[in-house]
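For reference, the structure discussed in these notes is given below.
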Amino acid sequence: LGPLLEPLTPGEVLGAAKSFPWKTSTGCDIHPRHLSLLGREGLTWLCMLYAMCEAEHIIPTPVMLTLFFTRPKPGGGRRIVANLPSFYRVYTRARVDIVRAWDSADVDSTFYAGEGMGSVDAVYDAAIEDAIAAANGCHTVAGIGDLAKCFEKIPHHKLVPRAISAGFPPRVLGVSVAMYRAARSVQVDLASSAAVYTNCGIAAGCTMATFLVRAYLMSNLTAFRYE
């Protein structure tokens, strides 16, 4: 999956761990900020472990478990959210700048999935463009779509080649897919399901999730682009 990335430094990992608030969920291991309590030697070994994960596209066995819980939606129903291990959360927080650089380098005015381009912006900008076209005597057609359970329905065997084709950092991609393919357990109140494995789904709540959805859908959406 391409050349190796420059290894993370102890300072980068320390900064990523300290960026989490104390009042945040804890996965199958420890609180993210607990990693900031490591000394210089411990942080150096952790950086080496992250480098091994990127080289081999793996997640260490003790943290190969994602806990899923449900959260109420404002409009009714419940949303499934992933509670990922802190080992992985600190890693993605430390590597997110690389992914943001990829995201900002491919700015497309027709693709509303980047920073500052939310659903409200898309509707408002489309309305403005329609009004301008009408004032100039032109006709426009607009459509709005919603992908039900989008995150959960993305197959990993299709995500990888599409993300690589879109230019998503491949080493980060390898670690993220390894985490998504690890064991999963659903929690409801005080009950937990048996661990299961799946080859489908991006974990909503993951730092990389929205970026990977964009990378996956990019080829589909650009098919509608015209000059």
Side-chain angles (χ1 to χ4, degrees), residues 16-17 19-36 46 49-50 52-54 56-96 99 113 118-119 145-163 168-169 171-217 220:
S19 68
F20 287 89
W22 279 110
K23 290 185 178 181
T24 187
S25 58
T26 302
C28 66
D29 48 0
I30 59 177
H31 191 285
R33 287 187 71 99
H34 285 167
L35 292 178
S36 68
L46 184 58
L49 183 55
Y50 283 140
M52 292 173 63
C53 291
E54 290 181 339
E56 300 296 330
H57 327 304
I58 58 174
I59 293 291
T61 302
V63 291
M64 289 182 63
L65 174 64
T66 301
L67 306 177
F68 285 82
F69 62 96
T70 59
R71 178 179 296 167
K73 291 183 179 180
R78 302 185 71 86
R79 177 182 288 107
I80 298 177
V81 180
N83 194 359
L84 295 149
S86 296
F87 173 87
Y88 174 77
R89 293 170 68 191
V90 171
Y91 166 77
T92 55
R93 186 71 64 90
R95 283 300 195 199
V96 71
V99 179
S119 57
D146 182 29
L147 302 178
K149 302 296 181 183
C150 176
F151 286 81
E152 292 87 347
K153 292 183 178 179
I154 294 180
H156 301 152
H157 72 280
K158 292 184 178 180
L159 169 63
V160 171
R162 290 192 185 189
F168 190 93
R171 292 293 170 179
V172 179
L173 170 67
V175 177
S176 294
V177 172
M179 187 72 253
Y180 299 156
R181 295 177 72 87
R184 302 181 177 197
S185 175
V186 179
Q187 293 184 312
V188 179
D189 295 328
L190 299 178
S192 298
S193 72
V196 296
Y197 296 84
T198 178
N199 57 8
C200 186
I202 290 177
C206 171
T207 301
M208 300 300 169
T210 55
F211 298 111
L212 286 170
V213 169
R214 177 184 176 183
Y216 178 78
L217 295 176
N220 298 78

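Because only heavy atoms are used, hydrogens play no part in the values below, and waters and symmetry mates are left out as well, while side chains stay in.
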Flag the pair I30 / F87 as yes when at least one side-chain heavy-atom distance between them is below 4.5 Å, and no otherwise. no
Heavy atoms only: give me the nearest A183-Y197 pair and the separation to one decimal. N-CE2, 3.4 Å
Contacts of F151 that satisfy side-chain contact (heavy atoms from CB on, under 4.5 Å) - sequence neighbours left out: I202, A204, A209, T210, V213
State whether F20 and R33 meet the cation-pi test: NZ (Lys) or CZ (Arg) under 6.0 Å from the six-membered ring centroid, and within 45° of the perpendicular axis. no
For Y88 and T66, which I'm curious about, is there any donor-acceptor pair between the side chains at under 3.5 Å? no
Testing the 3.5 Å rule here: is there a donor-acceptor pair between the side chains of R93 and S19? yes
Is the closest side-chain heavy-atom distance between P32 and T24 below 4.5 Å? yes
Sub-4.5 Å side-chain heavy-atom contact between L84 and C206: yes
For the student: nearest non-hydrogen atoms of L212 and S176, plus distance: CD1-CB, 4.2 Å
Can you give me the closest heavy-atom contact between R95 and E54, atom names plus distance? NE-OE2, 2.8 Å
Taking the side chain as every heavy atom from C-beta outward, state whether N199 and Y180 have any atom pair closer than 4.5 Å. no
Counting only heavy atoms not in E56 (residues, nucleotides, ligands), do more than 12 fall under 6.0 Å from its CD? no
With the side chain counted from C-beta on, respond yes when D29 and P62 share a heavy-atom pair under 4.5 Å apart, and no when they do not. no
Side-chain heavy-atom pair C53, Y91 within 4.5 angstrom cut-off: no
Side chain to side chain, H57 and V175, heavy atoms closer than 4.5 Å: no
Pairs flagged by side chain to side chain donor-acceptor pair (under 3.5 Å) wherever residues 152-161 is involved - sequence neighbours left out: H156-R181
Spacing of OG1 belonging to T26 relative to NE2 belonging to H31, to within rounding of 0.5 Å: 5.0 Å
Answer yes or no: is there a side-chain heavy-atom contact under 4.5 Å between N83 and R89? yes
Backbone of S185 reached by a side-chain donor or acceptor of S193 within 3.5 Å: no
Taking only residues two or more places apart in sequence, or in another chain, which ones meet V81 in a side-chain contact (heavy atoms from CB on, under 4.5 Å)? F69, R71, R79
Work out which heavy atom in L65 is nearest to a heavy atom in M179; give both atom names and the distance. N-CE, 4.0 Å
Atom CD1 of I154 and atom SG of C200: how far apart are they, to the nearest 0.5 Å? 8.0 Å
